[in-house]
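When reading the values below, keep in mind they use all heavy atoms of this one structure, side chains included, and skip hydrogens, waters and symmetry mates. In this text the structure is predicted, and so the values were computed from the model without any measurement.
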Amino acid sequence: MAHQREHSHVVVHPPALDGSRRVTEGDETLGIATHADDVGEILRLADLYVTDVEGSDLIEWQGGGPDDWPGLSEHHEGA
């Protein structure tokens, strides 16, 4: 029986002040994303081929989902 390579789960962290989001696998930072497409490219470069980053069980979205990429101006609207 062939075993699929197991991966720690991937976390897309809450947006930073500039709207970018850190992408990690376990304790390793894989990259910084500014859009959901970036998450897919970061995972591809890490040999984690995920075709649907929005619906993958491999990815945990923290601080908002794949459509949440606030920029600096959105963080300061109430100021």
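Partners of Ile42 under the side-chain contact (heavy atoms from CB on, under 4.5 Å) rule, at least two apart in sequence or in another chain, are Val23, Leu30, Ala33.
Counting only residues at least two apart or in different chains, side-chain hydrogen bond (donor to acceptor under 3.5 Å, both in side chains) contacts with residues 54-63 comprise His9-Glu60, Glu60-Gln62.
Side-chain heavy atoms closer than 4.5 Å link hydrophobic residues (I, L, V, M, F, W, Y) into clusters, and following such links, possibly through other members, connects Trp69 to Ile59. Under the 4.5 Å side-chain heavy-atom criterion for ILVMFWY residues, a single connected hydrophobic cluster contains both Val12 and Leu58.
We find the CG-CZ distance between Asp38 and Arg21 to be 11.5 Å, quoted to the nearest 0.5 Å.
Each of Leu45, Leu43, Val39, Asp37 was checked for a side-chain contact (heavy atoms from CB on, under 4.5 Å) with Glu41, and the lone residue meeting it is Leu45.
Across Ser20 and Thr34, no two heavy atoms sit closer than the pair CB-CG2, 4.1 Å. Considering every non-hydrogen atom in both Pro15 and Pro70, the closest pair reads CG-CD, 3.6 Å.
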